[in-house]
Amino acid sequence: MGAQVADGAGPIGTDNPPGLNRTGIAPFLDIRRYSSLKDADWTKEAAGLIPEGLATVCYPDFESTGVKTADCTGRVEHNRALNKDTEAARRSSRGNFQRATELAAQDIARQWKDFTAELIATYPDNGRGEQMICALTHDTPAVSCPRGR
């Protein structure tokens with residue numbers, strides 16, 4: 001999120017948003033931090049962490065959203081201007097795809113670490129949290145995951 005840079009093919013605008021060229025994961029997407037806050041407190045704190053110039057996108061196609069087509073007039077469209085989901089996407093050039101996938105992997109690892117820590121803290125008795133983690137990470141949890149201590 002925010003890892004991309006403009007494609008260099010034309011002027012900055014809704015067809016070529018500037019990008020933030022960030023190298024770290026987005027701190028305002030830390031679910032563990034914000035899950036305990038009231039909406040108003042989360043909004044206030046997160047707003048201070050959202051980088052200036054962050055481009056949010058509009059999805060004009062029914063297929064990707066499952067809802068009525070949006071009016072994206074004057075907005076950055078995902079597929080046309082910001083999509084870097086594959087190496088073939090226009091926005092994937094200039095290292096954008098690589099940075100996006102690296103940051104996504106870092107954020108998934110952070111979220112998994114936080115999730116497992118919460119399971120262990122919430123279900124400490126008889127190793128229940130560890131059992132849950134084992135069940136989520138093994139194809140045959142009945143065989144692979146030991147029962148209680």
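Quantities reported herein were computed from a predicted structural model and do not represent experimental measurements. Heads up: numbering here begins at 1 and tracks the sequence. Values below: every heavy atom of this structure, side chains too, minus hydrogens, waters and symmetry copies.
Between atom OG1 of residue Thr23 and atom CZ of residue Arg99 there is a gap of 9.5 Å, rounded to the nearest 0.5 Å. Note that the CZ atom of Arg94 and the CG atom of Asn21 stand 9.0 Å from one another [nearest 0.5 Å].
Put simply, the side chain of Arg75 gets close to the backbone of Val57: a donor and an acceptor are under 3.5 Å apart. Counting only distance, with no hydrogens or angles, the side chain of Ser144 and the backbone of Pro141 share no donor-acceptor pair below 3.5 Å. Panel note: side chain Arg128, backbone Thr122; no donor-acceptor pair is recorded below 3.5 Å. When atom types are taken as modelled, the side chain of Ser92 and the backbone of Ala88 share no donor-acceptor pair closer than 3.5 angstrom. The main-chain N or O of Lys113 is found under 3.5 Å from a side-chain atom of Thr116 such that the two form a donor-acceptor pair. The main-chain N or O of Arg91 is found under 3.5 Å from a side-chain atom of Asn96 such that the two form a donor-acceptor pair.
In this structure, the salt bridge (Lys or Arg N to Asp or Glu O under 4.0 Å) partners of Glu45, at least two apart in sequence or on a different chain, are Arg33. Applying the salt bridge (Lys or Arg N to Asp or Glu O under 4.0 Å) test to Glu118 and every residue at least two apart in sequence or in another chain returns Arg32. In this view, Arg110 and Asp30, Asp107, Asp114 satisfy the salt bridge (Lys or Arg N to Asp or Glu O under 4.0 Å) rule, not counting sequence neighbours. Applying the ring pair (Phe, Tyr, Trp, His ring centres under 6.0 Å) criterion to Tyr123, with sequence neighbours excluded, gives no partner residue.
Annotation: disulfide bond (SG atoms under 2.5 Å apart) contacts involving residues 18-58, sequence neighbours excluded, comprise Cys58-Cys72. Screening residues 83-107 for ring-ring contact (aromatic ring centres under 6.0 Å, His included), with sequence neighbours left out, gives no hits.
No donor-acceptor contact under 3.5 angstrom links the side chains of Glu102 and Gln106, judged on distance only.
Inter-residue side-chain proximity for His78 and Asp85 is flagged as met; some heavy-atom pair is nearer than 4.5 Å.
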